[in-house]
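Before any comments, here is the structure.
Counting from 1, the numbers follow the sequence of the chain as shown. Computed over heavy atoms, backbone and side chain alike; hydrogens, waters and symmetry mates excluded.
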Amino acid sequence: MAATVAVVAVWATYAFVFWRMRGQFDHSGVMLLMLVAAGLVLLLNTAAVVALIKHYREDKAAIYGTDLYYLDRIAAERRLAR
């Protein structure tokens, strides 16, 4: 969820900055350059987050399995110590 919110925030920030700076981009003659650069950044950032979420789903058991195993052992040892 946090990754999705971060991507939406990046898109919103780029949209706001582009909207506020469009006059300067036109005046300087870099509108096309800024459109392409912003589009590439947004595309690559979004693709990276999508890949991150995909890999997280694939590796979730490996990431948390060991932690859960040891937490269960600690809880069992505490129960036995009482």
For residues 29-48, please give each side-chain donor-acceptor pair under 3.5 Å, one per line with the distance, not counting sequence neighbours.
from: Thr46; atom 1: OG1; to: Trp11; atom 2: NE1; distance (Å): 2.8
from: Thr46; atom 1: OG1; to: Leu42; atom 2: O; distance (Å): 2.7

*Output the distance between atom CZ (Arg78) and atom CZ (Arg82), rounded to the nearest 0.5 Å.*
9.0 Å
*Might you work through the side chain to side chain contact (heavy atoms under 4.5 Å, CB included) test for Val50 and Lys54, ending with a clear yes or no?*
CA-CA 6 Å; Val50 168; Lys54 179 183 173 218; 5.6 Å; no
_I'd like to check the ring-ring contact (aromatic ring centres under 6.0 Å, His included) partners of Phe25; sequence neighbours left out, ordered by chain and number._
Phe18
*Between atom CZ of Arg57 and atom CG of Leu52, what is the distance when rounded to the nearest 0.5 Å?*
10.5 Å
*Does Arg22 use its side chain to pair, donor to acceptor, with the backbone of Trp19 at less than 3.5 Å?*
yes
